[in-house]
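This one's a predicted model, so the numbers in the text were calculated from it and none came from an experiment. Throughout, protein chains are lettered first and strands after them, A, B, ... in sequence-line order, and every chain is numbered starting at 1. Side-chain atoms are counted along with the backbone in the values below, which use heavy atoms only and exclude waters and symmetry mates.
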Amino acid sequence: MPQELPKAYEPGAIERRWAEYWIKEKLFSVPTPPEGETRPVFTLLLPPPNVTGRLHMGHMLNQTQMDIIVRWHRMRGFITLWLPGTDHAGIATQMMVEKQLESEGKKRREMGREKFVERVWEWKKLYGGAILDQMKRLGASVDWDREYFTMDENLSHAVREVFVRLYEEGLIYRGNYIVNWCPWHETAISDLEVKHEEVQGKLWEIRYPVVGSENPHPRQNPAWMGLPQEQEYITVATTRPETMLGDTAIAVNAKDERYTHLHGKKVMLPLMNREIPIICDELAQPEFGTGAVKVTPAHDPNDFEAGKRHDLPQITVMDARGRMNETAGAYAGLDRFAARKKVLEDLREQGFLVGEKDYTLAIGKCERCGTVIEPRLSEQWFIKIKPLAERAKEAVESGEITIVPENYRTIYLQWMTNIHDWCVSRQLWWGHRIPAWTCGKCGEVIVARSAPEACAKCGGAVEQVPDVLDTWFSSGLLPFTTLGWPEKTRDQAVFYPTTLLITAYEILFFWVARMIMFGCHFMHGHEQDRAIKKASGWAEKKNDSVPFRRVYIHALVRDAERQKMSKTKGNVVDPLDVIERFGTDATRFTLAAMAAPGTDIAFNESRTDGYRAFANKIWNAARFMFMNVERVEPDRVGTGLRPVQTGSETRLHMGIAGFQTIALEDRWILSRFNRVAKDVNEALETYRFHEAANRIYDFFWGEFCDWYLELIKPRLNFSSEDGGDKTAARAACANLVNLFDGALRLLHPVMPFITEEIWQAMYEGKPAVKSIALAAYPQADEQQIDLAAETEMAILQDLIVSVRNLRAELKVEPKVKVPIEVFAHEPMVWSLIQQNEGAIKRLANVENIKEVSQHQAAQSPARSTARFDVRVVYERKIDVSAECSKLRKELEGIERRIEVTTGQLGNPGFLSKAPQKVVDGLSKQLEDTKLLREKTLSKMKEMGCGA
RNA sequence: GGGCGGUUAGCUCAGCUGGUUAGAGCGCCUGCCUUACAAGCAGGAGGUCGCAGGUUCGAGUCCUGCACUGCCCA
């Protein structure tokens with residue numbers, strides 16, 4: 001110390017430098033702890049971003065929160081493992097590469113599966129690391145040595161193992177079911193991947209002629225009014241008329257008397273000229289429309305169920321790309337929407353279309369490409385989810401896993417209760433291939449860990465099922481597969497269950513729920529290393545199979561207008577752009593300061609701008625410190641003025657070591673520091689990031705810079721003409737350094753870069769530990785909290801601010817020093833003023849301080865408080881009427897307060913029920929307010945304001 | 001249709017278990033280039049806490065209803 005810091009704070013260069021340093025030095029790599037390790041452990045799995053991903057604000061919020069918590073734990077001496085990796089992201093990646101091929105005029109299908117997958121791997125090698133590189137810019141303190149990719153061989157091996165085990169346990173089955181089918185991607189997708197949207201559509205009414213029947217009551221049924229009497233019809237309503245080509249029944253409700261006479265009869269399916277039965281099923285609700293519905297088992301999930309109940313044939317009329325197939329007769333080859341048009345035209349022409357109404361319907365769209373989902377009958381693989389969900393539910397209900405904020409717990413439990421079987425097969429090429437083979441000869445299906453040579457049953461040649469697994473299948477396994485599963489490893493014993501999961505609400509079901517289900521199932525019976533478990537504070541937990549002990553769900557980042565950021569709206573804020581302009585530290589601070597649990601964040605750049613100013617403030621305070629050290633301790637330049645503390649092994653070290661409480665401001669700032677340390681630690685404990693950030697901000701700027709630095713300036717200035725003392729300057733300097741060091745450590749998890757830069761400069765690049773990230777986090781020392789100092793300082797501040805107020809009101813020239821007259825209500829206050837005379841003179845621009853009678857001190861221009869009256873001696877005409885109206889307004893407020901307080905204190909209910917502390921506080925307040933009233937009244941009298 | 005949240009200063013938001021006179025940042029107004037910082041300093045204006053009831057000695061905070069608004073699920 002001291003290295004000269006550049007005059008202006010420039011985050012860009014600093015941040016890049018330290019980000020590289022942290023990685024190069026492997027500061028956050030965690031080797032497997034040996035047997036006998038007794039330190040506490042903190043483990044966190046990074047929700048793996050898609051390899052195709054680009055960093056967005058959601059990531060940045062997520063990673064900022066994780067990094068804060070991770071750095072905080074590390075600094076408190078935990079063995080802290082933050083595990084990074086990326087997800088192969090089946091659909092997204094395949095799409096990306098397909099698009100690339102398209103631009104080269106190539107097609108996936110022409111290329112063939114093997115070549116295509118090779119191509120995807122090439123793509124991954126070239127571009128797959130982009131998002132992780134962006135993460136590095138954020139300063140994420142992850143263990144890069146343990147970086148994984150979900151398609152790595154070891155993880156793929158684990159995926160196959162899991163699939164086979166589930167199959168053997170009877171928890172995986174295969175079958176023909178209606179699934180959500182994306183005609184663009186030509187694959188099944190899960191319920192969760194479908195986004196529902198309300199659109200204005202039409203409800204068409206189509207009449208189906210009843211076979212061999214005449215209308216018995218033509219005038220009693222409005223649906224039949226005006227129709228030819230010789231032919232009876234049943235009218236149904238549909239929003240998807242093209243599916244009628246695959247109708248295999250008409251359903252009516254058994255209780256619906258309008259149709260009783262038709263039970264057992266048949267109708268002629270228009271356009272197709274196929275006879276289909278009229279069935280009774282609860283699918284038809286008498287209240288809705290005509291009470292009759294068409295049944296298309298191959299194209300609607302509800303109809304599918306009804307079809308199974310009545311053993312109806314399933315007629316698929318569309319192909320995988322959403323075009324009508326050969327069973328659609330004349331419509332074969334038409335796209336589904338073209339077919340709809342044509343079907344309607346033909347129906348109208350032939351007199352079957354009898355109505356058309358506007359209708360608001362919810363349609364499902366593929367969340368990735370926006371194509372309208374087609375329910376499609378196809379052969380898929382499913383996980384029988386109930387048995388897995390049971391344990392997963394239990395784990396949360398019993399409190400083995402806690403979810404913060406708590407309202408997500410209910411949402412989770414509800415979802416777990418109503419959960420459906422999970423369709424895990426995808427008709428994609430990129431992903432984990434399902435370890436199943438079918439025999440070409442006898443059709444036998446073999447699920448195995450490795451490819452069978454021939455069919456076990458008939459010896460025929462086998463071929464692997466083409467489908468791959470849902471991406472969430474493999475990511476759901478990560479908490480244990482990244483720790484070596486299915487082997488039993490030391491890593492598992494130490495790091496499993498992971499401590500915490502921080503993620504967005506959006507993937508609560510996609511990912512969080514599945515990790516819990518898989519964890520509870522496959523890690524059943526697992527036990528964490530006992531000593532470590534105890535040291536980490538989880539001794540009372542019974543279930544070590546859970547993937548994590550806690551889940552923290554964070555908010556969504558919206559734009560400044562509270563709109564969800566989306567590419568189509570064009571309101572996406574690019575975090576890297578924000579970082580470029582304001583710095584990573586300022587951006588991190590913004591996200592932390594706005595992240596109150598449970599509420600979304602409207603990202604507002606003006607806040608970030610403000611926090612860059614905060615960083616600049618810190619920067620300049622540091623320059624001030626260095627400047628003084630250089631002046632006061634020139635002989636120590638080059639050796640470093642070492643603050644008293646070292647690495648995180650001294651984590652139990654509390655307060656500020658080596659701090660000397662010489663003057664009031666020393667006692668005060670030490671007390672405040674400990675208080676803020678206490679608050680920040682408590683806030684982080686409960687993920688109240690905004691509170692932690694704001695607390696540090698207020699302390700550093702509002703107390704440390706605004707008051708403490710100003711107050712110690714005279715002491716530092718030992719050579720000044722008013723006779724400074726070098727020993728005192730040295731002591732003040734040492735205090736400043738030790739305090740600054742503590743403040744930097746306190747702030748480091750939120751603003752890692754600027755704190756590292758200044759901290760390293762303080763040690764001239766030779767600190768006891770390689771980084772502030774490995775130094776100890778400040779813990780509060782209750783002994784150093786000094787109530788008396790805080791009270792005294794408050795009086796002093798009050799006095800100084802009062803004088804400043806008066807000066808402003810009197811429009812005293814800024815350079816002019818004025819004498820003040822003070823009356824102190826207690827001797828303590830007067831001696832306090834005397835002892836701090838210099839500070840008052842300097843900070844309030846006062847010439848001298850004189851003790852006078854209360855009467856005199858309260859004469860205008862004056863300020864009165866319960867502790868003192870202060871008057872500024874300044875010759876200036878006072879605007880009497882303005883002053884009077886101000887006093888009157890003040891008096892009104894005082895009277896009102898007295899009234900309210902008196903009323904409350906006279907209330908027996910209040911006196912008997914309110915806590916003593918509140919009653920005492922209120923009494924004191926009343927006393928003070930009454931005093932103020934007297935003073936104000938006498939002042940008014942003095943000025944001749946009248947009542 | 002079911003569920004969950006929001007409504008506090010001009011703007012963006014805090015206000016945790018009900019407790020003394022509801023806070024911050026930005027913006028606005030006034031004055032300062034006071035040798036750490038004009039990305040700064042000092043001072044100031046600005047709020048019937050969405051509406052209506054209720055519980056309580058006491059409600060921004062708890063309950064009920066309403067209005068507006070957002071999200072999730074079907």
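With C1' as the reference atom, rU21(B) and rG60(B) are 15 Å apart, rounded to whole Å. Nucleotides rU7(B) and rC66(B) have their C1' atoms positioned 14 Å apart, rounded to a whole Å. The C1' atoms of rG50(B) and rU56(B) are separated by 23 Å, rounded to the nearest whole Å. For the C1' atoms, the distance from rG58(B) to rC4(B) is 31 Å, rounded to whole Å. Rounded to whole Å, the P atom of rC13(B) lies 35 Å from the corresponding atom of rU55(B). rU34(B) sits 40 Å from rG15(B) when the P atoms are compared, rounded to a whole Å. Rounded to whole Å, the separation between the C1' atoms of rC71(B) and rG10(B) comes to 27 Å. Rounded to whole Å, the P atom of rU61(B) lies 14 Å from the corresponding atom of rG54(B).
You'll find that the side chain of F910(A) is closest to rG19(B), out of rG44(B), rG19(B), rC13(B). The side chain of R607(A) lies closest to rA24(B), out of rU21(B), rA24(B), rG19(B). Set against rC13(B), rC16(B), rG19(B), the side chain of E691(A) has rC16(B) as its closest nucleotide. Side-chain proximity of R688(A) to rG25(B), rU12(B), rG15(B): nearest is rG15(B).
Both G921(A) and N805(A) lie close to RNA chain B; mapped to their nearest nucleotides by heavy-atom distance, the more 5′-ward contact belongs to G921(A). Comparing N694(A) and P908(A) by the nucleotide of RNA chain B that holds the closest heavy atom to each, the one mapping nearer the 5' end is N694(A).
Under the Watson-Crick or G-U wobble criterion, with both distances below 3.5 Å, rC71(B) is paired with rG3(B). Judged by Watson-Crick or G-U wobble contacts below 3.5 Å, the nucleotide rA42(B) has rU30(B) as its partner. Across all strands shown, nothing is found opposite rU48(B) as a Watson-Crick or G-U wobble partner with both distances under 3.5 Å.
OP1 or OP2 of rG15(B) sits under 4.0 Å from a side-chain N or O of H690(A).
Summarising the geometry, the separation between CE on M594(A) and P on rC26(B) is reported as 13 Å, rounded to the nearest angstrom. The separation between K913(A) atom NZ and rU56(B) atom C1' is 8 Å, rounded to whole Å. Between D698(A) atom CG and rG15(B) atom C1' the separation is 13 Å, expressed in whole Å. Look at CG on D679(A): it is 14 Å from C1' on rG15(B), rounded to the nearest Å. Distance M416(A) CE to rG3(B) P: 21 Å, rounded to the nearest Å. Taking atom CD of Q904(A) as the reference point, atom P of rC57(B) lies 12 Å away to the nearest angstrom. The nearest whole Å value for the distance from the CZ atom in R695(A) to the C1' atom in rG23(B) is 13 Å. When rounded to the nearest whole Å, the span between OH of Y611(A) and P of rG25(B) equals 9 Å.
Of the possible donor and acceptor atoms, one in the side chain of R807(A) sits under 3.5 Å from a partner among the backbone N and O of V816(A). Side-chain N or O atoms of N620(A) include one that pairs as donor or acceptor with a backbone N or O of N616(A) at under 3.5 Å. At distances below 3.5 Å, not a single donor-acceptor pair connects side-chain atoms of R607(A) with backbone N or O atoms of M594(A).
Atoms OG1 and CD, on T929(A) and E934(A) in that order, are 12.0 Å from each other to the nearest 0.5 Å.
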task: Between protein and nucleotides 29-42 of chain B, map the contacts as a letter string: B base, S sugar-phosphate only, - none, heavy atoms under 4.0 Å, written 5' to 3'.
output: --S----BB-BSSS

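A salt bridge links D577(A) and R581(A); the closest N-O separation between the charged side-chain nitrogens and carboxylate oxygens is under 4.0 Å. The pair E703(A)-R675(A) does not meet the salt-bridge criterion, since no charged nitrogen lies less than 4.0 angstrom from a carboxylate oxygen.
The ring of F700(A) has its center no closer than 6.0 angstrom to the ring center of Y708(A).
Using a 4.5 Å cut-off on side-chain heavy atoms (C-beta onward), R588(A) and M751(A) make no contact. Proximity of K817(A) to K841(A): side-chain heavy atoms (C-beta onward) are nowhere separated by under 4.5 Å.
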